[in-house]
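What follows is a single structure, and I will ask about it in a moment.
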Amino acid sequence: MISRIDLRGDALPEGPALRDLLPRADFDVAAALEKVRPICEAVHHRGDAALIDFAEQFDGVRLDRVRVPAEALEKALAELDPAVRAALEESILRARLVHRAQRRTSHTTQVVPGGSVTEKWVPVERVGLYAPGGRSVYPSSVVMNVVPAQEAGVGSIALASPPQAAFDGLPHPTILAACALLGVDEVYAAGGATAVAMFAHGTESCPPAAMVTGPGNIWVAAAKRYFTGKIGIDTEAGPTEIAVLADRTADPVHVAADLISQAEHDPLAAAVLVTDSEELADAVARELEPRVAASKHVHDRIVPALTGRQSAIVLVDGVDEGLRVVDAYGAEHLEIQTADAAAVADRVKNAGAVFVGPWAPVSLGDYAAGSNHVLPTGGCACHSSGLSVQSFLRGIHIVDYTREALADVAHHVVTLAEAEDLPAHGAAVKARFEADEQAARGWKAPEGK
């Protein structure tokens with residue numbers, strides 16, 4: 001069911017050569033970019049009318065309006081299953097505990113007497129958040145996007161999720177209920193690239209946002225790339241990934257169950273086991289068969305994901321080599337199921353989130369660990385982080401120097417300006433002390449000057 005890649009024996013290559021040996025899904029955002037361009041432009045020029053037409057084309061429902069009425073949010077919360085409500089409330093509570101601790105405060109550095117630089121952290125003024133609604137419904141993504149934005153102090157928060165024909169063109173009621181629980185009352189029935197375009201350009205019913213965050217399909221990723229530079233984005237999220245670094249101490253039942261848990265997201269989802277134990281690899285492969293057969297989304301998601309080129313069991317000589325492999329892979333979710341898992345996890349350099357030991361499965365992070373599940377995919381963990389309070393903050397430097405402090409460093413500024421052939425830069429400093437130089441030469445400005 002799942003292929004094998006044997007990297008034992010020979011020395012592992014470095015950098016891109018090692019990455020090229022590892023499984024990865026085909027996810028061509030550049031090709032999708034040309035398809036979303038006319039969609040984004042239509043929303044720019046036609047506003048809500050374009051959103052309504054695209055909802056009919058892509059979602060099979062004709063909307064009366066794009067913004068979700070307040071009574072629909074209230075109704076969804078009132079009718080929410082009490083067990084689901086309790087689970088969402090616990091998820092929100094834990095996420096707030098973690099994200100509140102991320103809030104940065106202003107800090108002033110006294111560079112020299114009379115000269116200071118303060119770094120002030122200012123929240124983005126308005127954000128558009130996206131919650132997917134294609135193959136599955138993701139109220140957890142509402143939590144993971146809204147909580148850090150709120151804890152950052154963002155003043156205006158709007159959320160979009162695809163309209164559902166089964167619910168009279170509204171987003172899924174569990175999405176609406178999650179918004180109501182979080183106090184988000186500005187919600188739109190818009191999906192995919194149209195939602196990103198709505199937030200980027202603004203329409204009659206939706207003011208433009210400074211930033212768009214949230215996971216989605218390739219069309220969401222392509223639209224984010226299209227608008228990069230006009231708006232801020234979190235990441236171009238691709239198909240979900242799980243990598244498990246395990247040795248002979250790991251339980252094959254746990255490993256197999258965790259691989260399947262991410263494979264059920266999408267046929268392009270990646271499930272990768274990296275191990276130095278051929279015995280464990282064989283046991284996991286055997287365990288997959290009955291567990292997949294007993295699962296729900298077998299043929300449309302799990303089997304294509306596990307048999308696709310993006311999933312594999314990778315055999316290595318030892319845990320050290322396994323660490324090199326998972327660092328080269330840069331997984332969205334990385335589980336460490338080895339002896340002394342905490343020490344091994346501490347050595348990981350590239351991962352969106354790391355899950356330590358047998359009792360911290362990725363599913364916990366998806367819902368109730370307190371961590372954020374909006375994470376970099378496609379190897380982007382080597383340079384990017386998951387969504388956090390910091391994602392919604394901007395650092396502004398405030399420079400405050402006295403006359404004396406500027407005078408003390410003025411000659412260095414002038415020297416560097418001249419070295420860069422930008423003499424006017426230096427002249428802007430020297431102009432502030434021209435009166436001193438003139439006074440030193442005995443010149444006095446005429447009366448009234």
Side-chain angles (χ1 to χ4, degrees), residues 43 48 51 54-55 59 63 65-77 80 84-85 88-89 91-92 95-96 99 123-134 136-164 167 169-217 219-220 223-224 227 231-235 237 372-374 387-389 391-392:
V43 173
D48 285 349
L51 295 173
F54 285 129
D59 303 298
L63 303 178
R65 55 179 172 176
V66 179
R67 182 161 177 171
V68 175
E71 55 269 23
L73 295 167
E74 296 165 3
K75 181 174 184 289
L77 183 56
L80 183 64
V84 176
R85 176 169 183 158
L88 282 172
E89 287 174 338
S91 178
I92 292 166
R96 286 209 189 282
H99 290 84
V124 174
E125 293 182 8
R126 176 172 166 80
V127 296
L129 310 178
Y130 186 71
S136 299
V137 55
Y138 294 103
S140 58
S141 288
V142 178
V143 176
M144 298 297 172
N145 279 271
V146 171
V147 168
Q150 288 178 334
E151 294 301 324
V154 175
S156 177
I157 297 175
L159 185 137
S161 192
Q164 308 282 328
F167 300 105
L170 294 172
H172 194 283
T174 313
I175 295 287
L176 301 183
C179 290
L181 270 177
L182 288 157
V184 175
D185 59 7
E186 187 182 347
V187 183
Y188 297 90
T194 65
V196 179
M198 174 186 71
F199 287 135
H201 287 307
T203 68
E204 299 92 326
S205 61
C206 179
M211 184 177 187
V212 173
T213 73
N217 59 20
W219 311 116
V220 173
K224 285 182 177 180
F227 287 112
I231 57 171
I233 65 168
D234 51 348
T235 185
N372 203 292
H373 79 198
V374 182
L387 199 66
S388 70
V389 166
S391 305
F392 299 98

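Count residues from 1 along the sequence. Values in this document were obtained by computation on a predicted structure and should not be read as measured data.
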- Smallest separation among heavy atoms of A210 and V124, with atom names: CB-CG1, 3.6 Å
- Message: Taking the side chain as everything from C-beta on, heavy atoms only, tell me whether L88 gets closer than 4.5 Å to L80.
- Response: yes
- Message: Rounded to the nearest 0.5 Å, what separates atom OG1 in T203 from atom CG in D48?
- Response: 3.5 Å
- Output, in order, the C-alpha distance, side-chain angles, deciding distance and verdict of side-chain contact (heavy atoms from CB on, under 4.5 Å) for L77 and R85. CA-CA 8 Å; L77 183 56; R85 176 169 183 158; 3.7 Å; yes
- Message: Could you tell me if the side chain of N217 sits less than 4.5 Å from the side chain of P132, heavy atoms only?
- Response: no
- Hey, are the side chains of S388 and N372 touching, using non-hydrogen atoms and a 4.5 Å cut-off? no
- Distance from M144 atom CE to I92 atom CD1, nearest 0.5 Å? 10.0 Å
- If you look at every heavy atom in A76 and L176, which pair is closest and at what distance? CB-CB, 3.7 Å
- Query: What is the distance from atom CZ of R67 to atom OG of S205, rounded to the nearest 0.5 Å?
  - Reply: 8.0 Å
- Query: For S161 and V187, what are the C-alpha separation, side-chain angles and deciding distance, and is it a side-chain contact (heavy atoms from CB on, under 4.5 Å)?
  - Reply: CA-CA 8 Å; S161 192; V187 183; 5.9 Å; no
- Query: Of all heavy-atom pairs between V68 and P171, which one has the smallest distance, and what is that distance?
  - Reply: CG2-CD, 3.6 Å
- More than 12 non-hydrogen atoms from neighbouring residues, nucleotides or ligands closer than 6.0 Å to CD on E125, yes or no? no
- Message: If you define the side chain from C-beta out and look only at heavy atoms, does anything of P215 sit under 4.5 Å from S141?
- Response: yes
- Evaluate the side-chain contact (heavy atoms from CB on, under 4.5 Å) criterion for residues L182 and V142: first the C-alpha distance (whole Å), next the side-chain angles of each, then the deciding distance (0.1 Å), finally the verdict. CA-CA 9 Å; L182 288 157; V142 178; 3.7 Å; yes
- Item | Heavy-atom pair with the smallest gap, counting every atom of I175 and A131 | CD1-CB, 4.1 Å
- Item | ring pair (Phe, Tyr, Trp, His ring centres under 6.0 Å) partners for H201, two or more places apart | H44, F227
- For the atom pair CZ (F167) and OG1 (T174), what is the distance rounded to the nearest 0.5 Å? 7.0 Å
- Item | Rounded distance (nearest 0.5 Å) linking atom NE2 of H373 with atom OH of Y138 | 8.5 Å
- Measure across A160 and A190 and return the closest heavy-atom pair with its distance rounded to 0.1 Å. CB-O, 3.7 Å
- Note on the structure: Sorted by chain and residue number, the side-chain contact (heavy atoms from CB on, under 4.5 Å) partners of A149 (sequence neighbours excluded) come out as V127, V154, I157, F392
- Query: Got Y188 and P163 here, is their nearest side-chain heavy-atom distance under 4.5 Å?
  - Reply: no
- Message: To the nearest 0.5 Å, what is the distance between CD1 on I231 and CZ on R126?
- Response: 12.0 Å
- Note on the structure: From the list T235, T213, D234, side-chain hydrogen bond (donor to acceptor under 3.5 Å, both in side chains) partner of K224 resolves to D234
- In terms of heavy-atom contacts, V43 and M198 come closest through CG1-N, 3.8 Å
- Message: R96 vs Q150, test: side-chain contact (heavy atoms from CB on, under 4.5 Å). Steps then yes/no.
- Response: CA-CA 9 Å; R96 286 209 189 282; Q150 288 178 334; 2.5 Å; yes
- Is the side chain of Q164 donor-acceptor paired with the backbone N or O of H172 at a distance under 3.5 Å, no angle test? no
